[in-house]
Amino acid sequence: MEVFPVRWQMQEAKQRFSEVLRAAEAGEPQIVTKHGAEVAVVIDIAEYRRLRGEQVGLMEYLRVDTLDDVDLDAEIDRPREQPRDIDLAG
């Protein structure tokens, strides 16, 4: 699922900064414009670090890449038969 950035005029972004940050933390890039020209983008810190090539922890990675477009049942082919019996007594 592709996320389309929301565009904010600079004055509105300043007034509603906490909303801009919440959306960025939720994985929705926020573009700030000045006189109609794009001047900045606000993104989640984990996404920023990933783009810079820095090491990202598992929790940060999972928070940024939600895997919405992955169907795990379709991706994993596992046998459906029952497991075999094992004689532990020997």
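Residues V39 and M10 are members of one and the same hydrophobic cluster, defined by side-chain heavy-atom contacts under 4.5 angstrom among Ile, Leu, Val, Met, Phe, Trp and Tyr.
Under 4.0 Å is where a charged nitrogen must lie from a carboxylate oxygen, and between E25 and R22 no such pair does.
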Please evaluate residues I45 and Y48 with respect to the criterion side chain to side chain contact (heavy atoms under 4.5 Å, CB included), reporting the C-alpha separation (whole Å), side-chain torsions for both, the decisive distance (0.1 Å), and the verdict. CA-CA 5 Å; I45 190 66; Y48 169 77; 4.0 Å; yes
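When the shell of 6.0 Å around CD of E12 is examined, it contains more than 12 heavy atoms from other residues, nucleotides or ligands.
The shortest distance between side-chain heavy atoms of Q11 and Q9 does not fall below 4.5 Å.
Residues passing the side-chain hydrogen bond (donor to acceptor under 3.5 Å, both in side chains) test with Q15: none are found, sequence neighbours excluded. Shown here are the side-chain contact (heavy atoms from CB on, under 4.5 Å) partners of E38, two or more places apart in sequence or in another chain: R7, I31, T33. Take Q82 and apply the side-chain contact (heavy atoms from CB on, under 4.5 Å) test, not counting sequence neighbours, and it matches no residue.
Across all non-hydrogen atoms, the minimal contact from P29 to I43 is CB-CG2, 4.0 Å. Contact record, Q30 with A23: NE2-CB, 3.4 Å, taken as the closest heavy-atom pair.
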